[in-house]
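Have a look at the structure below, then the notes.
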Amino acid sequence: MPNLIEDRLSALLAEWIDSHRPEGFPGTIPVHVARRDEIRTRPCVVLDTSESKPVPAMPHTARVKLDVHLFSQVDDTPAELHAEWAGKLVTLLRDKAAIQADIDSETFVLHDLIEREGGTTPDESRGRESVLSYEAVVSAV
């Protein structure tokens, strides 16, 4: 069950983010799911899930750690622009009702998307990485 839930959550949210880009968030920035063999160029957004924990009282339901990574290159993207894009992603993902309306189905339900602490750090390849952390409560069959 955990892989099904993690895979469905990542795929559905990646598609949703890609089709609901906020104004000012470039359409040229690809949205990927981690653990896929896609070629990643910077800037990009990568969704990564981990730590699925079943919810005992609810069958086929788990709490899933979800990280939304925004990667950019120092040489191509000023820090202010990177921060602006990260802020737009945070604002977009706060609209749980819109996300639920678009991705919930007979076989998948996003019960909640809880924002956790994230951050922005430089990485070893002269780039930046913002990690937006969430806990998703999801049912999938």
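FYI, the numbering just counts along the sequence from 1.
- You'll find the side chain of Leu13 reaches within 4.5 Å of the side chain of Leu66, heavy atoms only.
- How far CZ of Phe71 is from OG1 of Thr41: 12.0 Å, rounded to the nearest 0.5 Å.
- Contact record, Ser105 with Arg8: OG-NH2, 4.0 Å, taken as the closest heavy-atom pair.
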>> As a quick check of understanding, evaluate side chain to side chain contact (heavy atoms under 4.5 Å, CB included) for Leu89 and Ile17, giving each step before the final call.
In response: CA-CA 8 Å; Leu89 283 173; Ile17 290 170; 4.1 Å; yes
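- Using a 4.5 Å cut-off between side-chain heavy atoms of Ile, Leu, Val, Met, Phe, Trp and Tyr, with links allowed through other members, Trp16 and Ile5 fall into the same hydrophobic cluster.
- The nearest pair of heavy atoms linking His69 to Asp67 is NE2-CB, 3.6 Å.
- Taken together through direct or relayed side-chain contacts under 4.5 Å among Ile, Leu, Val, Met, Phe, Trp and Tyr, Val109 and Val138 form parts of separate hydrophobic clusters.
- Leu92 is not connected to Val33 by any chain of hydrophobic side-chain contacts under 4.5 Å among Ile, Leu, Val, Met, Phe, Trp and Tyr, and they are in different clusters.
- In this structure, Leu4 and Phe108 have side chains that are not in contact, with every pair of non-hydrogen atoms separated by 4.5 Å or more.
- Side-chain contact, His20 with Asp102: a donor N or O sits under 3.5 Å from an acceptor N or O.
- The shortest side-chain heavy-atom distance between Thr77 and Trp85 falls under the 4.5 Å cut-off.
- The pair Lys65-Asp48 does not count as a salt bridge, with every side-chain nitrogen at least 4.0 angstrom from each carboxylate oxygen.
- Listed by chain and residue number, Glu135 satisfy the salt bridge (charged side-chain N to carboxylate O under 4.0 Å, His left out) test with Arg116 (two or more places apart in sequence, or in another chain).
- The nearest pair of heavy atoms linking Ser52 to Val64 is OG-CG2, 3.3 Å.
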>> Between Arg21 and Val31, is the side chain to side chain contact (heavy atoms under 4.5 Å, CB included) condition met? List the steps.
In response: CA-CA 10 Å; Arg21 292 171 184 267; Val31 180; 3.8 Å; yes
>> As a quick check of understanding, evaluate side chain to side chain contact (heavy atoms under 4.5 Å, CB included) for Val55 and His111, giving each step before the final call.
In response: CA-CA 12 Å; Val55 177; His111 298 285; over 6 Å; no
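- With a 4.5 Å cut-off on side-chain heavy atoms, Ile103 and Glu15 do not count as touching.
- Nearest approach of Arg63 to Val137, heavy atoms of both residues: NH1-CG2, 4.0 Å.
- A donor-acceptor contact shorter than 3.5 Å links the side chain of Lys88 to the backbone of Glu23.
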> What's the verdict on side chain to side chain contact (heavy atoms under 4.5 Å, CB included) for Thr49 and Arg35, showing C-alpha distance, side-chain angles and the deciding distance?
Replying inline: CA-CA 10 Å; Thr49 57; Arg35 296 180 300 279; 3.1 Å; yes
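- Across all their heavy atoms, His32 and Cys44 have their closest contact at CD2-CB, 4.0 Å.
- A distance-only check finds a donor-acceptor pair linking the side chain of Asp104 to the backbone of Leu110 [under 3.5 Å].
- Going from atom CD1 of Ile29 over to atom CZ of Arg42 covers 12.5 Å, rounded to the nearest 0.5 Å.
- In terms of hydrophobic clustering, with Ile, Leu, Val, Met, Phe, Trp and Tyr side chains grouped at heavy-atom distances under 4.5 Å, Leu81 and Val74 are assigned to different clusters.
- Residues Ser10 and Leu47 share a closest heavy-atom pair of O-CD2, 3.9 Å.
- Atom NE2 of residue His82 and atom CD of residue Glu129 lie 8.0 Å apart, to the nearest 0.5 angstrom.
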